[in-house]
Amino acid sequence: MSVLPKRAATWLPALLLSVAVLGQVGADAADGKDLAGDTTIRLSTSAHEPVTPIPVSVVLDSGKVALGHALFFDRRLSGDNTRSCAGCHQLPPLKASRPLEGMSTLQGDPPRSVPLLYNSGVLFWYNWDGRYRTLEEVISGAVTQPDKLATTWKALLARVEADYATRFAALYGQGLTVEQVTDVLAEFLRSLNTPNARFDRFLRGESNVLSADEASGYALFKEIGCSSCHSGVALGGNFFERFYIYDHAGEESEPRLQDQGRYYLTQDESDRNVFRVPSLRNVAHSAPYFHDGSAPDLEEAVEEMGEHQLGLVLTEEQRRLLVVFLQTLSADHQGVKP
């Protein structure tokens, strides 16, 4: 019986994909192509794309979604009755989205950027260091963490029981429990999918939905290896990678590498500065970028990812094409109001 190396379950699929991508890059180089300057890459017609579309619909319990929605905006979930889940995880309509500025810390870790919650139901791992595997675990942890809701489950249930006991009893046949509260909140989060991005429509076979520049940007995205990490339905969120693979020395990298990432969780030297690869879904609406929010806009984030994660100095035209493609990953949501 063979045994996969540690963490192989998370990085092996992407590694195999990376080998395929880099193999094509090597073949192009052998043919004399200058990848660093090539901006006229043809779009692949292969059915085996590294990205799969967001499901158009998902089966959910409408009663649980409605109850989870109410709790998500209820400030009584916090220890001092001043903070709700929505206080950090803003849920505006994406057309009116503004950069998230809230930061969160956990157990003394350096500040980290707060992600959008849209499409969180399709992720494999949660938090920048991947300490949670399910939405229920994320919710349960947030209740007691001092920088989040900062309370206890006993106190939380006591504060909201009078207003919610009847609604929970209608759904579960009994009053409030920890499991039921996490269940309805998780069901609400799973309702936040944005399935109709133009890129998803392209993946489903709709013709003429991408412009020539957007198609070239996607081809470039695959050609230079971006899709070796940002793959699957979420274009990320399914395994871990070291931040700053290339050029990790210097003044710019020092503050970013102060955050040891997954090492705080595992105490494994191989996990220093290793983070969960973020999803690129609605990435145009999730500035500032990186775990520390240090890249203010998408153009800078693309430039730095090329340099530090792929070892490439991208041309201005390549950066433009990649940004144009990434903008096709946004999809409207009806918005969520209290």
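None of these values were measured; they are calculated from a predicted model.
One hydrophobic cluster holds both Phe73 and Val160 under the rule that ILVMFWY side chains link at heavy-atom gaps under 4.5 Å. Connection of Phe325 to Val209 is established within a shared hydrophobic cluster, with ILVMFWY side chains joined at heavy-atom distances below 4.5 Å, either directly or through further cluster members. The hydrophobic clustering, which links ILVMFWY residues whose side-chain heavy atoms are closer than 4.5 Å, places Ile54 and Leu189 apart. Leu257 is not connected to Leu265 by any chain of hydrophobic side-chain contacts under 4.5 Å among Ile, Leu, Val, Met, Phe, Trp and Tyr, and they are in different clusters. Linking ILVMFWY side-chain heavy atoms closer than 4.5 Å, directly or via other members, places Leu135 and Leu71 in a single hydrophobic cluster.
Applying the salt bridge (charged side-chain N to carboxylate O under 4.0 Å, His left out) rule to Arg281 yields the partners Asp200; only residues at least two apart in sequence or on another chain are considered. With sequence neighbours left out, the ring pair (Phe, Tyr, Trp, His ring centres under 6.0 Å) criterion links Phe275 to His291. With sequence neighbours left out, Ala165 forms a side chain to side chain contact (heavy atoms under 4.5 Å, CB included) with Glu161, Leu176. Legend: residues meeting salt bridge (charged side-chain N to carboxylate O under 4.0 Å, His left out) with Glu206, ordered by chain and number and at least two apart, are Arg201. Every residue meeting the side chain to side chain contact (heavy atoms under 4.5 Å, CB included) condition with Ser294, not counting sequence neighbours, appears here in chain and number order: Arg256, Phe290, Asp292.
Both cation-pi conditions hold for Arg262 and Phe240: the charged atom is under 6.0 angstrom from the six-membered ring centre and inside a 45 degree cone around its axis.
Judged purely by atom type and a 3.5 angstrom limit, Asp271 has no side-chain atom pairing as donor or acceptor with the backbone of Thr266. For the pair Tyr289 (side chain) and Glu300 (backbone), a donor-acceptor distance under 3.5 Å is absent. Side chain of Glu307 to main chain of Glu304: no donor-acceptor pair is present (N/O by atom type, distance under 3.5 Å, no hydrogens or angles). Using a distance-only test at 3.5 Å, with no hydrogens or angles considered, no donor-acceptor pair links the side chain of Gln318 to the main chain of Leu314. Formation of a donor-acceptor pair under 3.5 Å by the Trp128 side chain with backbone atoms of Ser113 is found in this model. Remark: side-chain polar atoms of Thr182 are paired, donor with acceptor, to backbone N or O of Glu179 under 3.5 angstrom. Here the side chain of Arg276 pairs a donor or acceptor atom with the backbone of Asn127 at under 3.5 angstrom. Panel note: side chain Thr328, backbone Arg198; no donor-acceptor pair is recorded below 3.5 Å. Side chain of Gln180 to backbone of Thr177: a donor-acceptor contact under 3.5 angstrom is found. Here the side chain of Ser216 pairs a donor or acceptor atom with the backbone of Ala212 at under 3.5 angstrom.
By the neighbour-count criterion of 12 heavy atoms within 6.0 Å, atom CD of Glu316 is sparsely surrounded, having that number or fewer from other residues, nucleotides or ligands. The 12-atom threshold is not exceeded at CZ of Arg75, counting heavy atoms of other residues, nucleotides or ligands nearer than 6.0 Å. Crowding of Tyr263 atom OH: a count of heavy atoms from other residues, nucleotides or ligands under 6.0 Å exceeding 12.
Taking the six-membered ring where the residue is Trp, Tyr164 and Phe168 present perpendicular rings, their angle passing 60° and hence far from 30°. Taking the six-membered ring where tryptophan is involved, the planes of Tyr244 and His308 are essentially parallel, since the angle between them stays under 30° and well short of 60°.
Using modelled atom types, one finds a donor on one side chain and an acceptor on the other under 3.5 Å when comparing Asp80 with Thr82. Counted by atom type alone, Tyr218 and Glu49 present one or more donor-acceptor pairs between their side chains at under 3.5 Å.
Contact annotation: the side chain of Thr151 never approaches that of Thr144 to less than 4.5 Å [non-hydrogen atoms, C-beta and beyond]. Side-chain contact between Asn119 and Leu192: absent, with no pair of heavy atoms (C-beta onward) separated by less than 4.5 Å. Using a 4.5 Å heavy-atom cutoff, the side chains of Gln309 and Phe243 are in contact. A heavy-atom distance below 4.5 Å is found between the side chains of Leu220 and Ile224. Counting heavy atoms from C-beta outward, Asn273 and Gln260 have side chains that approach closer than 4.5 Å.
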Next on the checklist: Run Leu298 and Val283 through side-chain contact (heavy atoms from CB on, under 4.5 Å) and show every step you take.
Outcome noted: CA-CA 8 Å; Leu298 197 52; Val283 67; 4.0 Å; yes

Checklist entry - Which is it for Arg76 and Leu156 under the side-chain contact (heavy atoms from CB on, under 4.5 Å) test, yes or no, and what are the steps along the way? => result CA-CA 7 Å; Arg76 290 174 298 174; Leu156 184 154; over 6 Å; no

Next on the checklist: Using side-chain contact (heavy atoms from CB on, under 4.5 Å), reason through Trp153 and Val181 one step at a time and then give a plain yes or no.
Outcome noted: CA-CA 10 Å; Trp153 274 107; Val181 171; 3.7 Å; yes

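For the residue pair Arg83 and Ala150, the shortest heavy atom distance occurs at NH2-CB, 3.6 Å. Of all heavy-atom pairs between Phe221 and Leu235, the closest is CZ-CD2, 4.3 Å. Contact record, Leu149 with Ser84: CD2-C, 4.3 Å, taken as the closest heavy-atom pair. Heavy-atom minimum distance, Gln327 versus Ala284: CG-CB, 4.2 Å. Closest heavy-atom contact between Lys222 and Ser227: CA-OG, 3.6 Å. Shown here for Glu187 and Leu60, the closest heavy-atom pair between the two residues is OE2-CA, 3.4 Å.
In this structure, CG on Asn282 lies 4.0 Å from OG1 on Thr194, to the nearest 0.5 angstrom. For the atom pair CZ (Arg190) and OG (Ser120), the distance works out to 8.5 Å, reported to the nearest 0.5 Å. For the atom pair OG (Ser330) and CG (Leu280), the distance works out to 10.5 Å, reported to the nearest 0.5 Å. Once rounded to the nearest 0.5 Å, the distance linking CE of Met305 with CG of Leu312 reads 12.5 Å. The distance from atom OG of Ser228 to atom CG of Leu310, rounded to the nearest 0.5 Å, is 6.5 Å.
Sequence neighbours left out, the pairs with a member in residues 52-67 that pass side-chain hydrogen bond (donor to acceptor under 3.5 Å, both in side chains) are Lys64-Asp183.
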